[in-house]
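Just so you know, these numbers use all the heavy atoms, side chains as well, and skip hydrogens, waters and symmetry mates.
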Amino acid sequence: MRAALAQRMVLSGEGLSAGTVQWGNREGSPPVVRLTDRDLRLMALVYDVNFLSASELLMLGWGDSVQRTGQKRLKRLHDGEYFDRFRPIRESGTAEWNYRLTSRGWSALTERGCAPRHGAYTPTAITSISYTEHDLQTAALVLRIAQEAAHKRGGGLIDRMPFTWKGPRSGRIDT
């Protein structure tokens with residue numbers, strides 16, 4: 001199970017630059033979602049790093065033991081309009097969903113003091129699929145390092161990471 005999730009994580013973003021993307025549809029009005037601490041931490045990380053794949057979010061939030069629970073929660077967060085999701089279109093089969101934070105997700109973070117209050121937020125635009133693919137592959141590399149460096153096993157990697165992950169929004173190098 002862990003090997004399959006790790007393998008999907010390594011392939012994050014693969015195929016995005018080969019064509020167009022399919023956006024996840026929402027049906028009806030958004031369901032009421034009671035956000036958990038884990039939801040907020042994952043949303044804040046997606047805000048910071050721009051995009052994360054389903055397998056990356058599953059590894060971070062739930063580890064490799066309760067993938068189905070994590071998948072259901074990600075769908076609920078998408079349907080609740082906290083995340084947008086997209087994937088490359090394939091001729092056969094389906095590709096993994098990739099996620100970005102929505103304006104509603106940003107509002108939830110700012111209301112709870114989990115994000116910087118400066119400026120307005122616009123969901124990360126996909127102006128170049130190759131940049132999106134790069135962000136997903138960089139995230140996979142960081143998560144692979146974190147997974148190898150984490151001393152204790154089990155549970156979501158977000159609770160076991162031996163370092164603080166700083167994405168392009170928060171990771172700044174002083175000159």
Side-chain angles (χ1 to χ4, degrees), residues 1-2 4-6 8-9 12-13 23-87 96-124 132 135-136 138-171:
M1 181 87 77
R2 180 179 178 183
L5 186 59
R8 285 198 326 264
M9 219 170 53
S12 292
W23 289 92
N25 295 323
R26 295 182 179 97
E27 296 178 17
S29 58
V32 174
V33 178
R34 182 171 301 203
L35 295 173
T36 65
D37 178 59
R38 174 179 40 213
D39 296 335
L40 293 169
R41 290 174 68 197
L42 292 174
M43 288 166 44
L45 188 55
V46 170
Y47 161 74
D48 197 25
V49 302
N50 296 326
F51 307 100
L52 287 172
S53 69
S55 58
E56 291 165 347
L57 285 164
L58 290 172
M59 182 61 70
L60 282 160
W62 294 269
D64 45 345
S65 59
V66 285
Q67 286 185 45
R68 189 67 189 133
T69 300
Q71 290 167 340
K72 287 179 182 179
R73 188 63 182 176
L74 291 177
K75 181 172 181 354
R76 188 149 178 86
L77 291 170
H78 168 263
D79 292 347
E81 299 179 355
Y82 295 99
F83 282 133
D84 284 327
R85 65 184 186 178
F86 61 95
R87 62 184 172 191
E96 180 173 48
W97 289 112
N98 299 293
Y99 291 81
R100 73 173 180 186
L101 191 68
T102 63
S103 295
R104 183 174 190 177
W106 170 254
S107 295
L109 289 175
T110 56
E111 287 168 9
R112 290 163 178 86
C114 300
R117 295 201 179 265
H118 59 80
Y121 171 74
T122 302
T124 304
T132 305
D135 286 352
L136 289 162
T138 300
L141 177 62
V142 170
L143 289 171
R144 180 69 180 162
I145 293 167
Q147 194 175 23
E148 290 299 317
H151 294 290
K152 61 182 213 190
R153 299 286 177 212
L157 188 56
I158 202 165
D159 294 325
R160 302 182 287 120
M161 289 179 85
F163 54 83
T164 302
W165 185 2
K166 299 269 187 184
R169 294 184 194 265
S170 68

Test side-chain contact (heavy atoms from CB on, under 4.5 Å) applied to Trp165 and Leu60, step by step = CA-CA 12 Å; Trp165 185 2; Leu60 282 160; 4.3 Å; yes

Lys/Arg N to Asp/Glu carboxylate O, Asp159 vs Arg41, below 4.0 Å = yes

ask   = With a 4.0 Å cut-off, would you call Asp79 and Lys72 a salt bridge?
value = no

query = Under the side-chain contact (heavy atoms from CB on, under 4.5 Å) criterion, do Leu42 and Tyr99 qualify, and how do the steps go?
reply = CA-CA 11 Å; Leu42 292 174; Tyr99 291 81; over 6 Å; no

Are [X] and [Y] packed together at the side-chain level, in the sense that at least one heavy-atom pair is separated by less than 4.5 angstrom?
X      : Y      : value
Val142 : Phe163 : yes
Thr132 : Asn98  : no
Leu77  : Arg85  : no

Could you tell me which non-hydrogen atom of [X] sits nearest to which non-hydrogen atom of [Y], and how far apart they are?
X      : Y      : answer
Glu96  : Arg87  : O-CB, 3.2 Å
Pro123 : Ser103 : CD-OG, 3.6 Å
Gln67  : Leu58  : O-CD2, 3.6 Å
Ala146 : Met161 : CB-CE, 3.7 Å
Pro31  : Arg76  : CB-NH1, 3.7 Å
Gly80  : Arg104 : O-NH1, 3.1 Å

Interatomic spacing from [atom1] in [X] to [atom2] in [Y] - rounded to 0.5 Å:
X      : Y     : atom1 : atom2 : result
Ser53  : Phe86 : OG    : CZ    : 9.5 Å
Arg144 : Glu56 : CZ    : CD    : 13.0 Å
Asn25  : His78 : CG    : NE2   : 7.5 Å
Arg26  : Ser29 : CZ    : OG    : 12.5 Å
Leu157 : Met59 : CG    : CE    : 7.0 Å
Asp135 : Asn50 : CG    : CG    : 5.0 Å

ask   = In a check of salt bridge (Lys or Arg N to Asp or Glu O under 4.0 Å) between Asp39 and each of Arg112, Arg34, Arg73, which one passes?
value = Arg73

Stepwise side-chain contact (heavy atoms from CB on, under 4.5 Å) test for Leu45 and Leu52 = CA-CA 9 Å; Leu45 188 55; Leu52 287 172; 4.2 Å; yes

message = Test side-chain contact (heavy atoms from CB on, under 4.5 Å) on Leu101 and Tyr121; report intermediate values, then the result.
response = CA-CA 10 Å; Leu101 191 68; Tyr121 171 74; 3.5 Å; yes

Phe83, Trp106, Tyr82 screened by ring pair (Phe, Tyr, Trp, His ring centres under 6.0 Å) with Tyr47, the one that passes = Trp106

task = Could you tell me whether a side-chain N or O of Arg38 sits under 3.5 Å from a main-chain N or O of Gly61, the two making a donor and an acceptor?
result = yes

ask   = Do Arg100 and Phe51 meet the cation-pi criteria used here (NZ or CZ under 6.0 Å from the six-membered ring centre, within 45° of the axis)?
value = no

